[in-house]
Peer 1: 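This is the structure I want to talk about, given as structure tokens.
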Amino acid sequence: MLTTAIIGVGNIGSPLARHLVGGGESVVLAAKDESRAQALADELGPQARAASVADAIAGADTVVFAVWLDTIKELMAKDAHLLEKKVVVDPSNPLRFDESGQMIRTLPEGQSSGSVVASLLPAGAHYVKAFGTLVADALANGANREPRRAVLFYATDDNAAATTIERLIRAAGFEPLKAGGLADAGRLEVPGGDLHQGGGLNGQLVDLDQARGAVAAEVSA
């Protein structure tokens, strides 16, 4: 069975793991606090297990970095060599909290978090931007919506990554839609992304027709 490593079990990693296991996928979980990863794996049952970050990456076909951009940079410095030939899923946004607790942008305007993460990968890795376009509550509670599933956008220039992420998005209970390539990753990020629920979509969950319209609207503009 194909296995997806989820690094981080917070607002993205935990609901994503639940959705993927619910959709029949196998996951391996890793976190800085290993007891949290183990507790979630125990909750999810035999299709989930916990491991160290390095072991989770080494044992997976696909790796989701469900952590802050700064943390991804730190992990890449140690473990990028383990990502050769793997699909790497990046939900990150160029954000962090400052000393006063305010959320601030960490990259210059026009530079995407996706471009930074992709530049840190080995040449044989398959990069895709995905799983970061919904706010936490919508990701946790928006799966398998009726009568039409909510869309999760993705961006990649890699065919293998596109095939994998479409499978995972569907397994998680959402409808996949490609928004473009790596050059379009910023559209899926906040602040400023027109295809992020917390940005240009103004809090909406969109179905496939609405999502296609949103993608085309910016392209035509």
Side-chain angles (χ1 to χ4, degrees), residues 2-23 25-45 47-83 86-97 103 106-107 112-114 116-118 120-121 125-143 152 154 161 164-165 168-169 171-174 185 188-190 196-198:
L2 297 173
T3 299
T4 299
I6 301 176
I7 312 302
V9 291
N11 288 338
I12 292 176
S14 290
L16 179 58
R18 291 188 175 94
H19 293 331
L20 289 178
V21 168
E25 297 283 336
S26 174
V27 300
V28 55
L29 309 173
K32 186 174 183 179
D33 182 347
E34 294 185 7
S35 66
R36 291 186 63 200
Q38 186 63 61
L40 182 57
D42 291 344
E43 173 194 331
L44 295 177
Q47 285 175 250
R49 64 182 179 88
S52 68
V53 171
D55 287 347
I57 294 172
D61 306 281
T62 300
V63 182
V64 182
F65 283 98
V67 291
W68 295 93
L69 175 60
D70 287 346
T71 303
I72 295 177
K73 292 178 183 178
E74 294 170 8
L75 293 172
M76 291 294 180
K78 295 185 299 180
D79 297 322
H81 65 286
L82 299 173
L83 296 167
K86 298 183 187 290
V87 174
V88 177
V89 184
D90 165 30
S92 68
N93 293 295
L95 295 171
R96 67 172 174 82
F97 290 103
M103 194 77 80
T106 60
L107 295 174
S112 70
S113 176
V116 172
V117 174
L120 299 173
L121 297 177
H126 306 280
Y127 174 86
V128 57
K129 185 82 184 181
F131 287 132
T133 55
L134 300 183
V135 299
D137 287 349
L139 179 62
N141 301 309
L152 287 182
Y154 71 92
T164 296
I165 201 61
L168 293 177
I169 288 173
F174 296 88
L188 280 61
E189 299 176 2
V190 284
H196 193 288
Q197 185 191 11

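Only heavy atoms go into these numbers, but all of them, side chains included; no hydrogens, no water, no symmetry mates.
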Peer 1: Hey, are the side chains of Leu20 and Ile6 touching, using non-hydrogen atoms and a 4.5 Å cut-off?
Peer 2: yes
Peer 1: Is Met76 close to Leu121 at the side-chain level, that is, under 4.5 Å between some pair of heavy atoms?
Peer 2: yes
Peer 1: Return the minimal non-hydrogen interatomic distance between Pro15 and Leu139, and the atom names on each side.
Peer 2: CG-CD2, 4.0 Å
Peer 1: Please examine the side chains of Phe131 and Phe174, heavy atoms only from C-beta on, and report whether any two atoms are closer than 4.5 Å.
Peer 2: no
Peer 1: Quick check: do Thr164 and Val128 have side-chain heavy atoms less than 4.5 Å from each other?
Peer 2: no
Peer 1: How many angstroms lie between atom NZ of Lys32 and atom CD1 of Ile7, to the nearest 0.5 angstrom?
Peer 2: 14.5 Å
Peer 1: Please check: side-chain N/O of Gln38 versus main-chain N/O of Ala50, any donor-acceptor pairing under 3.5 Å?
Peer 2: no
Peer 1: Test side chain to side chain contact (heavy atoms under 4.5 Å, CB included) on Val53 and Lys78 and set out the steps.
Peer 2: CA-CA 10 Å; Val53 171; Lys78 295 185 299 180; over 6 Å; no
Peer 1: Please check this pair: side chain of Arg96 against backbone of Asp70, looking for a donor-acceptor N/O pair closer than 3.5 Å.
Peer 2: no
Peer 1: Search all heavy atoms of Ala56 against all heavy atoms of Val28 and return the closest pair with its distance.
Peer 2: O-CG1, 3.8 Å
Peer 1: Please check this pair: side chain of Thr4 against backbone of Val27, looking for a donor-acceptor N/O pair closer than 3.5 Å.
Peer 2: no
Peer 1: Measure from the side-chain N and O atoms of Glu189 to the backbone N and O of Gly114, and report whether any donor-acceptor pair falls under 3.5 Å.
Peer 2: yes
Peer 1: Show the nearest heavy-atom pair for residues Ile12 and Ala66, with the distance to one decimal.
Peer 2: CG2-CB, 3.9 Å
Peer 1: If we ignore hydrogens and angles and just use 3.5 Å, is the side chain of Gln47 paired with the main-chain N or O of Glu25 as donor and acceptor?
Peer 2: yes
Peer 1: With a 4.5 Å cut-off on side-chain heavy atoms, are Phe65 and Thr71 touching?
Peer 2: no
Peer 1: In the structure I gave you, are the side-chain heavy atoms of Val116 and Lys73 within less than 4.5 Å of one another anywhere?
Peer 2: yes
Peer 1: Taking His19 for the side chain and Leu168 for the main chain, is one N or O donor matched with an acceptor at less than 3.5 Å?
Peer 2: no
Peer 1: Is the backbone of Lys129 close enough, under 3.5 Å, to the side chain of Asp90 for a donor and an acceptor to pair up by distance?
Peer 2: no
Peer 1: Check whether more than 12 heavy atoms from other residues, nucleotides or ligands sit under 6.0 Å from atom CG of Asn11, and answer yes or no.
Peer 2: no
Peer 1: Measuring only between side-chain heavy atoms, which start at C-beta, is Arg18 closer than 4.5 Å to Leu44?
Peer 2: yes
Peer 1: Strictly by modelled atom types, are Ser113 and Ser92 linked by a side-chain donor-acceptor pair under 3.5 Å?
Peer 2: yes
Peer 1: For side chain to side chain contact (heavy atoms under 4.5 Å, CB included), just list the numbers for Thr62 and Val89, CA-CA rounded to whole Å, side-chain angles, deciding distance to a tenth of an Å, and then say yes or no.
Peer 2: CA-CA 7 Å; Thr62 300; Val89 184; 3.7 Å; yes
